[in-house]
Every structure is written in C-alpha cells, then in structure tokens.
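Below is one structure, written out as structure tokens, with a few remarks after it.
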Amino acid sequence: MDYESLLQAGSMMGSGGLIVMDENACMVDMARFFLDFTRDESCGKCTPCRIGTKRMLEILDRITAGEGHEGDIDALLTLAHHIKSTSLCGLGQSAPNPVLSMLKQFRSEYEAHIHAKRCPAGVCQALLNFNIIPEKCRGCGLCARVCPTAAIKGKPKELYRIERQKCVKCGACLEKCPFGAVVRA
Ligand code: SF4
Ligand code: SF4
Ligand code: SF4
C-alpha cells in the first residue's frame, strides 16, 4: 500500500488509518459518520466547506431516518462537486470523497434507503422492522416477556406476532428468542 497505488484505486493516503468493513456496515451511515467529522473540523473560513458539508449532512441524516426522497442523490453529487472544486484547503476539497466513492460503489444501498425505505445492512434504526418467522416460532413466549412496549402478542405454544405500530425497534425480542425465529429486515 503506497501513495501511488491508493491514488490508482481512487483513494488517497490519509493520516494512517485503514478501516475494514463487512456487509454489516451501512454505506449511507458510514458516509454520514465521515461527513459529520469533516463538518466539525471545518474552520469555517470558506462558505462551500462551512455550509456545503452541513447541507450534505442534513440530506444524509434524512436518508438514514427514512425521509429520503427523489433528487437526494443528485443533490449530494452536485454539492459534493461544488465543495471539492471551490474549497480553499485539502479538508474541504476531500470532505465529500466518502460520499462520492460510496455512491460510486454502493449506489444501490442509497436507493434502497430512499425508495424502498430499507437499510440492507440493518443498521439504520428508523428503517428496521422486526418479524417473527412462523415456521420457526415455537410459541415459548419469551419475546413477549422482554418486549418493553407489549408489542408481541400470542398464546403459549402458538404463533406469536409483532404489532408494528407498538414496536420501538429495541431488538430485545431478537436477542431473546432461543429458536432464531425473530429476524430484522
Ligand atoms: S476548506 Fe479549509 S479553509 Fe475552507 S472552511 Fe474548510 S477547513 Fe477552512
Ligand atoms: S421467543 Fe421466539 S419462539 Fe418464543 S414465542 Fe417469541 S418468536 Fe416464538
Ligand atoms: S424490537 Fe423491541 S419493541 Fe419491537 S417487538 Fe421486539 S422487543 Fe418489542
């Protein structure tokens, strides 16, 4: 790994960190994380970096909250190119890079968040749904006992069900079920 090979891969040598992620990392959430950092670090001297990173972060916040809409990806791309080409120093010039490269490699994840209101990696809390697989449920009732909002209904030895309106997506049922019958989708 050296300066030239990273440049060839469309990346750059940073301050020494390398993060390895698997399919459990959400690419929209990761882009949001990196942009939150650069937004904080911006000294504020020039407008594209100071305001542009803020606007990009607002869009990413909306997308991960399930409120993304048509045009968000185009808006991110437009903002990213303006910020890169008009910021004064390297921080602003590289701040949109995570969004640009993630959009290039994982655009379908962004589209799933915006159009299907789904987080493929199961990370974005607002987009999660918990379901019980009927074939796996043994009716033990453990999930219903740990649910903080009484969102799970059922009778012993019969199929239990989750009432979506009451579910606060805490994940306790998934952790508790001894038969792997609760899934996050
Ligand atoms: S691009 Fe550099 S100089 Fe301009 S606001 Fe960002 S950190 Fe400050
Ligand atoms: S804990 Fe699992 S098996 Fe038991 S009732 Fe809940 S979903 Fe069904
Ligand atoms: S995720 Fe939490 S709130 Fe939702 S059904 Fe499971 S235990 Fe109840």
Side-chain angles (χ1 to χ4, degrees), residues 1 9-11 17-40 56-77 96-185:
M1 186 179 76
S11 189
L18 186 69
I19 304 172
V20 179
M21 296 176 227
D22 65 9
E23 66 278 7
N24 294 313
C26 167
M27 291 298 107
V28 187
D29 188 55
M30 285 316 297
R32 201 177 61 86
F33 170 80
F34 286 118
L35 208 65
D36 190 34
F37 171 77
T38 41
R39 190 270 320 255
D40 269 355
M56 285 184 79
L57 186 60
E58 285 167 2
I59 295 174
L60 292 170
D61 277 342
R62 267 200 300 99
I63 295 175
T64 53
E67 291 161 15
H69 50 64
E70 197 67 48
D72 277 346
I73 292 179
D74 287 342
L76 282 172
L77 289 171
N97 284 356
V99 179
L100 287 174
S101 62
M102 286 181 198
L103 265 173
K104 186 173 164 203
Q105 308 291 348
F106 305 99
R107 190 180 173 113
S108 61
E109 279 202 37
Y110 281 71
E111 289 170 344
H113 282 72
I114 295 169
H115 303 301
K117 305 296 176 205
R118 197 172 62 79
C119 174
V123 170
C124 298
Q125 195 79 5
L127 300 174
L128 294 185
N129 280 314
F130 289 84
N131 296 315
I132 294 174
I133 303 171
E135 297 75 38
K136 288 192 174 178
C137 178
R138 308 263 188 98
C140 69
L142 279 176
C143 56
R145 261 175 259 154
V146 295
C147 178
T149 57
I152 305 178
K153 304 284 186 229
K155 290 181 185 163
K157 300 201 175 153
E158 289 182 14
L159 172 63
Y160 277 65
R161 292 183 190 281
I162 295 174
E163 289 180 8
R164 285 242 171 111
Q165 321 81 271
K166 288 190 180 172
C167 174
V168 292
K169 303 170 182 182
C170 68
C173 52
L174 184 137
E175 276 174 31
K176 198 71 186 178
C177 178
F179 305 105
V182 183
V183 289
R184 194 168 49 188

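Side chains are part of it too, since the values below use all heavy atoms of this structure and drop only hydrogens, waters and symmetry mates.
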Completion exercise
The complete set of salt bridge (charged side-chain N to carboxylate O under 4.0 Å, His left out) pairs with one or both residues in residues 139-162, sequence neighbours excluded, reads none
Do any side-chain atoms of residues 171-185 form donor-acceptor pairs under 3.5 angstrom with protein atoms, and if so which ones, sequence neighbours left out?
none

Practice task
Starting at CD1 of I73, measure out to CD1 of I63 and round the result to the nearest 0.5 Å.
Solution key: 6.5 Å
Problem - Results of side-chain hydrogen bond (donor to acceptor under 3.5 Å, both in side chains) for E67 - residues two or more places apart only - result: none
Just distance, no hydrogens or angles: give the donor-acceptor pairs under 3.5 Å from side chains in residues 23-31, sequence neighbours left out.
unit_1: N24; atom_1: ND2; unit_2: D22; atom_2: OD2; d: 3.4
unit_1: D29; atom_1: OD1; unit_2: R32; atom_2: NE; d: 3.4
unit_1: D29; atom_1: OD1; unit_2: R32; atom_2: NH2; d: 3.1

Handout entry: Close side-chain approach of L60 and L76, heavy atoms under 4.5 Å
Key = yes
Problem - Spacing of OG belonging to S108 relative to CG belonging to L103, to within rounding of 0.5 Å - result: 10.5 Å
Fill in the blank from the handout: Sorted by chain and residue number, the salt bridge (Lys or Arg N to Asp or Glu O under 4.0 Å) partners of R62 (sequence neighbours excluded) come out as D72
Handout entry: Nearest heavy atoms of P134 and L159, plus distance in Å
Key = CA-CD1, 3.6 Å
Practice task
Starting at CZ of F34, measure out to CD1 of I19 and round the result to the nearest 0.5 Å.
Solution key: 4.0 Å
Exercise for the section: List the atom of A75, the atom of I59, and the distance in Å for their closest heavy-atom pair. Expected result: CB-CD1, 3.9 Å
Practice task
Could you tell me the separation between the CZ atom of F33 and the OG1 atom of T38, rounded to the nearest 0.5 Å?
Solution key: 10.5 Å
Side-chain donor-acceptor distances from residues 110-131 under 3.5 Å, at least two apart:
unit_1: E111; atom_1: OE2; unit_2: R107; atom_2: NE; d: 3.2
unit_1: H113; atom_1: ND1; unit_2: E109; atom_2: O; d: 2.7
unit_1: K117; atom_1: NZ; unit_2: G66; atom_2: O; d: 3.4
unit_1: K117; atom_1: NZ; unit_2: G68; atom_2: O; d: 2.7
unit_1: K117; atom_1: NZ; unit_2: I114; atom_2: O; d: 3.0
unit_1: Q125; atom_1: NE2; unit_2: K169; atom_2: O; d: 2.5
unit_1: N131; atom_1: OD1; unit_2: R164; atom_2: NH2; d: 2.8

Exercise for the section: Identify, with sequence neighbours excluded, every residue that meets side-chain hydrogen bond (donor to acceptor under 3.5 Å, both in side chains) alongside Q105. Expected result: none
Exercise for the section: Quick one: list whatever passes salt bridge (Lys or Arg N to Asp or Glu O under 4.0 Å) with K166, sequence neighbours left out. Expected result: E163
Handout entry: Pairwise distance CG(D61) to CE(M56) - rounded to 0.5 angstrom
Key = 12.0 Å
